[in-house]
Amino acid sequence: MGKIKASDAVVGLFEKWGIDRIYGIPGDSIDTMVEALRKQESKIKFYTVRHEEVASMAASAYAKLTGKIGVCLAIGGPGAIHLLNGMYDAKMDHVPMLVLVGHIPSKLTGTDYFQEVNTVDLFKDVAVYNKEVTSAESFPAVANQAIRTAYQKRGVAVLSIPDDVPTGEISDQALQLNTVFEKKIPGLVEDDLSDAVALINAAKNPVILAGVGSKHAKKELKAFAERISAPVAVTLPGKGALPDEHPNFIGNIGKIGTKPAYEAMKSADLLIMVGTDYPYAAYLPEGAKCVQIDIDPVKIGKRYSVTTGIVGDAAEALTYLTSHVTPVSDRPFLKTCQEHMAKWWSWMDEDKENKKTPIAPQAVMKAIQSIADDNAIFSVDVGTATVWSTRYLHVTNQDFIVSAWLGTMGCGLPGAIAAKEAFPDRQAIAICGDGAFAMVMQDFSTAVHYKWPLIVVILNNKQLSFIKYEQQSAGQLNYGINFGDIDYAKFAEACGGKGYRVEKYDQLHDAFEGAKNSDVPAIIDVSVNADAAPLPGKIVMDEAKGYAKFASKSVLENHKLEKMPPMKDVVRHFL
């Protein structure tokens, strides 16, 4: 029986779990773990970022794209605190993450030592597993349990590691820990399935709402929707579960969604929720019966009154339902939805053909679509970039990721970094507003350093545009939303990448073609129309009253009438 450093034993354990990449920043209290990673750099890649938040956001995005655990590390104290944003993104979007944070030596804990932070207390709310490692001997077993728990509970596991623990020598038999893991999936209940079949057969106006939990069941979702001739709406993280081009697709639901999806929901007599915990009840049917399919029993009936709940895997449940329901080949409700959707697409196409300067954000989406590969990965930031991307990009076989539940700005670039690193042969495109990109822009240099030729598209309107329209819809005057301009193309060049500054519509094509063919990371900095309004798919009365209040307040207090969206667009989204 030999001896081995605890840090080396844990890195060996990571290899057995299939962990082959870690994002982070080295530092004194975590350097023993970094040294162990250095010795195994041919098996586990350690990527140094410029800010710990980007490390955790990239780890979260990696987990969303692959289903494998994302791993990040930082020193204790300030480094640990910086990780929180990405950790909450992973928690709220239910993906597995392992976080390694350093800590002061055990003998100094509680002495108010330099950078001492109670990380166990700090991470209580965000973590499904949260332990301070108390000895070298227990370190591998605790790490093993952390990984296992993160996978099983689809959440964040944190290890706070006192600086003296990894250096301790332990038996090399620690590597014999069992790393075989099989996720426990609840079995389907026949009675629940039979009840669902009866409800589906009786429905005249069924609507399917597909969430992120249906993305692994794309084939089954398509077959089911076609079998019962039902329209399919998707949640924001569920975009891509059914191709946008499919005749049953009616778009996203909610404020950033489509008018046809809103109208279909309000006319539905049966809601079929597949793999979603959609929170905005106001956009769901009023008084309809409901079938909900979810792998987590806690989610059944959590947001909406459920008639029949099916706990289990979406692919298995949809396969059963497809084979047992009565097929419907001609459903008038679907035809009505398709007519509404055809009109909606014509409006969207009209918007994308806007060739004016200042450049319409919708025209930028058309430019993105023109260069996007069929298997591209879109990493979409939070803000108006989310609205334009969700509404105007037609996703077929591409992946579409976003910070869905946390909704944190700055997720676009880290997501593209994770995408390009994990899938080097696939195109990675980050779509960001200037406000969101500025939060993490320093890590564009990380992409340059590691030679990841991703593309960052910046919708630059020199303001927090989404907040602008939130304030207006609430009847408030705009305040605190404007920025000075940054030439992000010059910034890209300064980092060693390619930069394209686009200020006129006729510059779009050359910039996008240049970025697509670049062998280094590229930024396309597009100066977009600051007055382009991300109107809700369907403007409800409260929002209309808010805009009216904003307009009248602007006249009374500022003695001017603010520029409003074109009346044609307002009418389309309101009536």
Side-chain angles (χ1 to χ4, degrees), residues 189 191-211 213-214 217 220-235 238 241-242 246-255 257-294 299-311 314 317-344 536-538 540-541 575:
V189 177
D191 287 348
D192 295 338
L193 293 165
S194 297
D195 290 344
V197 168
L199 287 168
I200 294 166
N201 286 341
K204 285 185 168 41
N205 299 347
V207 173
I208 299 168
L209 177 59
S214 64
E220 292 82 2
L221 176 66
K222 176 177 177 290
F224 175 64
E226 291 173 351
R227 176 83 168 176
I228 65 171
S229 293
V232 180
V234 295
T235 65
L242 188 73
H246 193 280
N248 291 41
F249 180 76
I250 56 172
N252 281 72
I253 187 176
K255 183 169 291 203
T258 70
K259 188 177 180 183
Y262 180 92
E263 293 168 336
M265 286 291 171
K266 293 308 175 183
S267 301
D269 60 2
L270 177 66
L271 175 63
I272 305 169
M273 302 174 71
V274 185
T276 178
D277 188 27
Y278 185 76
Y280 301 111
Y283 288 94
L284 298 178
E286 297 173 8
K289 294 178 179 178
C290 178
V291 173
Q292 184 176 0
I293 303 169
D294 205 286
K299 304 288 176 59
I300 302 294
K302 181 179 178 182
R303 310 285 184 185
Y304 191 83
S305 180
V306 169
T307 313
T308 295
I310 299 172
V311 179
L318 291 171
T319 298
Y320 180 97
L321 295 176
T322 302
S323 64
H324 286 77
V325 295
T326 303
V328 177
S329 59
D330 184 17
R331 192 182 294 276
F333 177 62
L334 175 61
K335 288 184 177 179
T336 299
C337 291
Q338 289 170 333
E339 291 168 1
H340 291 167
M341 199 62 193
K343 183 179 291 186
W344 176 266
K538 166 69 177 179
V540 297
M541 185 56 69
L575 296 180

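All figures in this text were calculated on a predicted structure; none of them were measured in a lab.
- One finds a salt bridge joining Lys222 and Glu226 here, because a Lys/Arg side-chain nitrogen approaches an Asp/Glu carboxylate oxygen to under 4.0 Å.
- Residues Ile200 and Leu321 form a side-chain contact, since some pair of their non-hydrogen atoms from C-beta on lies under 4.5 Å apart.
- Between the side chain of Asp269 and the main chain of Asn205, a donor-acceptor pair closer than 3.5 Å is present.
- Side-chain atoms of Asp294 do not come within 3.5 Å of backbone N or O of Ile300 as any donor-acceptor pair.
- Under the 4.0 Å criterion applied to side-chain N and carboxylate O atoms, Asp330 and Lys335 are assigned as salt-bridge partners.
- A donor-acceptor contact shorter than 3.5 Å links the side chain of Gln292 to the backbone of Gly301.
- Ala264 approaches Ile250 most closely through the heavy-atom pair CB-CD1, 3.6 Å.
- Within 6.0 Å of NZ in Lys299 there are more than 12 heavy atoms belonging to other residues, nucleotides or ligands.
- Here the CE-NE2 distance, from Met341 to His246, works out to 13.0 Å after rounding to the nearest 0.5 Å.
- Between Gly213 and Ala314, the shortest heavy-atom contact is O-CB, 3.7 Å.
- Asp195 places no side-chain N or O within donor-acceptor distance of the main-chain N or O of Thr308, the cut-off being under 3.5 Å.
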*Please test Val291 against Leu270 for side-chain contact (heavy atoms from CB on, under 4.5 Å), starting from the C-alpha separation and ending with a verdict.*
CA-CA 8 Å; Val291 173; Leu270 177 66; 4.2 Å; yes
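- The line from CG of Leu271 to CD1 of Ile208 is 10.0 Å long, rounded to the nearest 0.5 Å.
- A distance of 4.5 Å separates OG1 of Thr319 from CD of Glu220, quoted to the nearest 0.5 Å.
- Put simply, the side chain of Tyr304 does not reach to within 4.5 Å of the side chain of Tyr278, judged on heavy atoms.
- Residues Asn248 and Pro231 fail the side-chain proximity criterion, which asks for heavy atoms closer than 4.5 Å.
- Put simply, CZ on Phe224 and CD1 on Ile272 are 4.0 Å apart, with the number rounded to the nearest 0.5 Å.
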_Go through it in stages, so that I can follow the logic: the residues are Asp277 and Arg303, the test is salt bridge (charged side-chain N to carboxylate O under 4.0 Å, His left out), and I'd like the CA-CA distance, side-chain angles, deciding distance and then a yes or no._
CA-CA 7 Å; Asp277 188 27; Arg303 310 285 184 185; 3.1 Å; yes
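- Among all heavy-atom pairs drawn from Phe333 and Ser267, the shortest one is CE1-CB, 3.9 Å.
- Rounded to the nearest 0.5 Å, atoms CD (Glu339) and CG (Leu334) are 10.0 Å apart.
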*Could you go step by step and tell me if Lys255 and Tyr283 meet the side-chain contact (heavy atoms from CB on, under 4.5 Å) rule?*
CA-CA 8 Å; Lys255 183 169 291 203; Tyr283 288 94; 3.7 Å; yes
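- No donor-acceptor pair under 3.5 Å is formed between the side chain of Ser229 and the backbone N or O of Ala225.
- In this structure the side chain of Ile253 reaches within 4.5 angstrom of the side chain of Leu209, judged on heavy atoms.
- A donor-acceptor pair under 3.5 Å is formed between the side chain of Thr307 and the backbone N or O of Cys290.
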*Run the side-chain contact (heavy atoms from CB on, under 4.5 Å) check on Arg227 and Val325 step by step: do they pass?*
CA-CA 8 Å; Arg227 176 83 168 176; Val325 295; 3.7 Å; yes
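- Shown here for Val274 and Ser214, the closest heavy-atom pair between the two residues is CG1-CB, 3.8 Å.
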_For Val189 and Val311: C-alpha separation, side-chain torsions, deciding distance, then whether side-chain contact (heavy atoms from CB on, under 4.5 Å) applies._
CA-CA 8 Å; Val189 177; Val311 179; over 6 Å; no
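- Looking only at distances, a side-chain donor or acceptor of Thr258 sits under 3.5 Å from a matching main-chain atom of Ala261.
- Ala317 approaches Ile310 most closely through the heavy-atom pair CB-CG2, 4.0 Å.
- Atom CG of Leu242 and atom CZ of Phe249 lie 7.0 Å apart (nearest 0.5 Å).
- In this structure, Lys266 is positioned above the aromatic face of Tyr262, its NZ or CZ under 6.0 Å from the six-membered ring centre and within 45° of the axis.
- Side chain of Ser323 to backbone of Tyr320: a donor-acceptor contact under 3.5 angstrom is found.
- A donor-acceptor pair is defined here as one N or O able to donate and one able to accept, closer than 3.5 Å; no such pair exists between the side chain of Thr276 and the backbone of Met273.
- Remark: side-chain polar atoms of Arg331 are paired, donor with acceptor, to backbone N or O of Ile228 under 3.5 angstrom.
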